[in-house]
Enquirer: 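Below you'll find the structure I mean.
Below, read A as the first sequence line, B as the second, and so on, with proteins coming before strands; counting in each chain starts at 1. These numbers come from the heavy atoms of this one structure, side chains and all, not from hydrogens, waters or symmetry mates.
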2 protein chains.
Amino acid sequence: MPHRKSKNAEPLDAGSVPKAVVSRLSLYLRELQHLLRDGKETISSGALGSRLGFSDAQVRKDLAYFGHFGYPGIGYRIDELVAAVKKILGTDRVWPVAIIGIGNLGRALLGYKGFSRQGFDIVAAFDSDPSKSGLIIEGIQVRPIDTLAAVVREQRIRLGMLAVPAPAAQGVADQLVLAGIDGIVNFAPVTINLPPHVSRLGVDLAIELEQITYDVVNRLRVR
Amino acid sequence: MPHRKSKNAEPLDAGSVPKAVVSRLSLYLRELQHLLRDGKETISSGALGSRLGFSDAQVRKDLAYFGHFGYPGIGYRIDELVAAVKKILGTDRVWPVAIIGIGNLGRALLGYKGFSRQGFDIVAAFDSDPSKSGLIIEGIQVRPIDTLAAVVREQRIRLGMLAVPAPAAQGVADQLVLAGIDGIVNFAPVTINLPPHVSRLGVDLAIELEQITYDVVNRLRVR
DNA sequence: TAGATTGTTAATCGATTAACAATC
DNA sequence: TAGATTGTTAATCGATTAACAATC
């Protein structure tokens, strides 16, 4: 195994990293984990990129924002790169997550196996409907929503996934913020406002489909 | 009401429209529909943008890719703009959709009310598990996956939502392509390859959370 | 060594912002 | 008319691509 003196020595000036780079990082990680499971040891920027539809230069540039992870002439050692990317994304530790809104979607999120694999641990579930309180779904007890602040603090929950109806989303988001949450993924089809110290990401299932219909209707002849 | 001679006369050169513009278009539409429901009649680019965190110039520029929808001194008539954006996105009609993989997530998608509101009609559900065949969930019968091609053709299904386990995703995607599907939203945490005439969008729930943890860990001091 | 591949710089390309004449 | 706001141009900013010396 080649040796290296001073890797990862760069200051991670997060402000200068484009958002698009971070989302590609997650794709790299997912692909690298597949490769690792398949027993591969190293991969080049070109080979990694072509599996995802990116150029070799793009892969190298993206990774170079965060350090020197590769070996000229060899490529990247997959196990090392997995560890490095996990550290960059923050998923080298376990994150306690709460789900709010235990309807169809909330239940599906509760049962989704992909979260734990990436370091997310769903530790609490909340619903405003009293008839749901006390239910145990996927091993997690559904709690009344007015216990949210107390539970978030007590269990040191950092992230919330919002699966409530659109009209309730902003109110619940406000409660999460007051309870000291760090980030929210919002599945309700509405824009929510958060203070700048809380990270926010919206996932609107209908909007995802609209991106496809636009493509289909305006089908780009050349690609 | 002001009058206009020749609107929407531009050729929609889809190839030149950035992807980011299309995703903002969906956000504009969602916001405009809320405004319409609230009884508002017109809105300026500045007011629309500020609700979503975009500048007035960005809103005007985005819309100007597709035509002249506004009225100087007045803004945009909300009902007109809703109709125009729907047409651009292709959601001025109804799209028949199939869901493949009726586990936790597939079931949640089947029950999601937000789709029909935006013009998506889930007309078929498939699962490879024979014990699920025949089940009726949310009014839709679950069919064996080997009937996929026949049903897609017969029901003129244009879009597929893939909620199968990662190892099955590529195989099912291939079947959808053979059946003549136009676009696929893939919820399996794996990259799938499709021919260029089929639109593709990946939604990985764990990756969405990773975008948040990156933000939290590398918390940008200034925002 | 020769071949492969990195990290990085410079050049290109694309997207956003600012400014303003035209319009209502 | 005066005030508001559009559509569009030019200027700025940012991201991607191409090229290559350095390295293994």
Side-chain angles (χ1 to χ4, degrees), chain A residues 1-10 13-25 27-28 32 40-78 80-81 84-85 220, chain B residues 1-10 13-25 27-28 32 40-78 80-81 84-85 220:
Chain A
M1 197 212 308
H3 182 262
R4 201 59 80 67
K5 296 128 283 180
S6 64
K7 301 217 298 185
N8 313 6
E10 291 73 13
D13 183 356
S16 73
V17 178
K19 243 179 149 171
V21 171
V22 182
S23 84
R24 284 193 296 266
L25 234 40
L27 295 174
Y28 300 154
L32 290 164
K40 275 211 95 208
E41 299 216 330
T42 65
I43 191 160
S44 67
S45 58
L48 179 55
S50 82
R51 293 174 151 258
L52 293 160
F54 305 132
S55 70
D56 58 335
Q58 176 118 76
V59 171
R60 291 199 300 280
K61 193 108 219 285
D62 286 348
L63 295 173
Y65 275 100
F66 304 97
H68 301 195
F69 305 114
Y71 302 92
I74 293 170
Y76 300 86
R77 289 190 57 87
I78 293 170
E80 283 180 16
L81 193 53
V85 176
L220 319 214
Chain B
M1 196 213 306
H3 182 263
R4 202 59 82 66
K5 295 128 282 181
S6 65
K7 301 217 300 187
N8 312 5
E10 290 72 14
D13 183 357
S16 72
V17 179
K19 242 178 151 170
V21 171
V22 181
S23 85
R24 285 193 297 267
L25 234 40
L27 295 174
Y28 299 154
L32 290 165
K40 275 210 95 212
E41 299 216 329
T42 66
I43 191 160
S44 68
S45 57
L48 179 56
S50 83
R51 293 175 152 256
L52 294 160
F54 305 132
S55 70
D56 58 336
Q58 177 117 79
V59 171
R60 290 199 301 279
K61 193 108 218 288
D62 286 348
L63 295 173
Y65 276 101
F66 304 97
H68 301 195
F69 304 114
Y71 302 93
I74 293 170
Y76 300 86
R77 290 191 57 87
I78 295 172
E80 283 181 19
L81 193 53
V85 176
L220 320 213

Enquirer: Under a 4.5 Å cut-off applied to non-hydrogen side-chain atoms, are F66(A) and V17(A) in contact?
Expert: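 The answer is yes, as the side chains (C-beta and beyond) meet within the 4.5 Å cut-off.
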
Enquirer: Which one, dT6(C), dA15(D), dT17(D), comes nearest to the side chain of S45(A)?
Expert: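 Out of dT6(C), dA15(D), dT17(D), the nucleotide with an atom closest to S45(A)'s side chain is dT6(C).
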
Enquirer: Rounded to the nearest angstrom, tell me the gap between atom CZ in F69(B) and atom C1' in dT5(D).
Expert: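 Distance, rounded to whole Å: 17 Å.
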
Enquirer: Starting from P on dT16(C), measure out to CZ on R24(B) and report it in whole angstrom.
Expert: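 Spelled out: CZ on R24(B) to P on dT16(C) is 4 Å.
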
Enquirer: Can you tell me how far the CG atom of L27(B) sits from the CG atom of L48(B), to the nearest 0.5 Å?
Expert: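 Between L27(B) CG and L48(B) CG, I get 9.5 Å after rounding to 0.5 Å.
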
Enquirer: Take atom CG of L48(B) and atom P of dG7(D), then tell me their distance rounded to the nearest Å.
Expert: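 L48(B) atom CG is separated from dG7(D) atom P by 12 Å.
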
Enquirer: How close or far is atom P of dT5(D) from atom CG of L81(B), stated in whole angstroms?
Expert: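 To the nearest whole Å, that distance equals 15 Å.
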
Enquirer: Are any of R77(A)'s side-chain N or O atoms less than 4.0 Å away from OP1 or OP2 of dT6(C)?
Expert: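 Checking R77(A) against dT6(C): no side-chain N or O falls below 4.0 Å of OP1 or OP2.
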
Enquirer: Respond yes when some side-chain nitrogen or oxygen of H68(A) is under 4.0 Å from OP1 or OP2 of dT8(C), and no when none is.
Expert: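 For dT8(C), OP1 or OP2 has a side-chain N or O of H68(A) closer than 4.0 Å.
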
Enquirer: If you only use heavy atoms from C-beta on, which nucleotide in dT6(C), dT8(C), dA15(D) is closest to the side chain of Y76(A)?
Expert: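 Closest nucleotide to the Y76(A) side chain: dT6(C).
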
Enquirer: Tell me the interatomic distance from K61(B), atom NZ, to dT6(D), atom P, rounded to whole angstroms.
Expert: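 Distance, rounded to whole Å: 15 Å.
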
Enquirer: Go through dT17(D), dT8(D), dT6(C) for me and flag the one nearest to the A64(B) side chain.
Expert: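 Ranking dT17(D), dT8(D), dT6(C) by closest atom to the A64(B) side chain puts dT8(D) first.
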
Enquirer: Take atom OH of Y65(A) and atom P of dG7(C), then tell me their distance rounded to the nearest Å.
Expert: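 Result: 14 Å.
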
Enquirer: Nearest 0.5 Å, what's the OG-CZ distance between S55(B) and R60(B)?
Expert: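 Interatomic distance, S55(B) OG to R60(B) CZ, rounded to 0.5 Å: 8.0 Å.
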
Enquirer: When you match A57(A) and G73(A) each to their closest nucleotide on DNA chain C, which lands nearer the 5' end?
Expert: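 Closest to the 5' end, via its nearest nucleotide, is G73(A).
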
Enquirer: Has Q58(B) got a side-chain N or O lying under 4.0 Å from the OP1 or OP2 atom of dT17(C)?
Expert: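 Yes, within the criterion.
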
Enquirer: Counting Watson-Crick and G-U wobble pairs only, both distances under 3.5 Å, name the nucleotide matched with dC24(C), or none.
Expert: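 Partner of dC24(C): dG3(D).
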
Enquirer: Rounded to the Å, how far apart are D62(B) CG and dG7(D) P?
Expert: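 D62(B) atom CG is separated from dG7(D) atom P by 12 Å.
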
Enquirer: Rounded to the Å, how far apart are F54(A) CZ and dT17(D) C1'?
Expert: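 That distance rounds to 15 Å.
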
Enquirer: Both distances under 3.5 Å, Watson-Crick or G-U wobble: report the partner of dA18(D), or none.
Expert: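 Per the H-bond distance test, dT9(C).
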
Enquirer: Side chain of P72(A): nearest nucleotide among dA18(D), dT9(C), dA22(D)?
Expert: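 So the nucleotide nearest the side chain must be dA22(D).
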
Enquirer: CG/L32(A) to OH/Y76(A) distance, rounded to the nearest 0.5 angstrom?
Expert: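 Here the rounded value is 10.5 Å.
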
Enquirer: Closest to the R60(B) side chain: dA19(C), dT17(C), dT17(D)?
Expert: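 Of the options given, the side chain of R60(B) lies nearest dA19(C).
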
Enquirer: Going from CG on L81(A) to OH on Y28(A), what distance comes out if it is rounded to the nearest 0.5 angstrom?
Expert: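 With rounding to 0.5 Å, CG (L81(A)) is 10.0 Å from OH (Y28(A)).
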
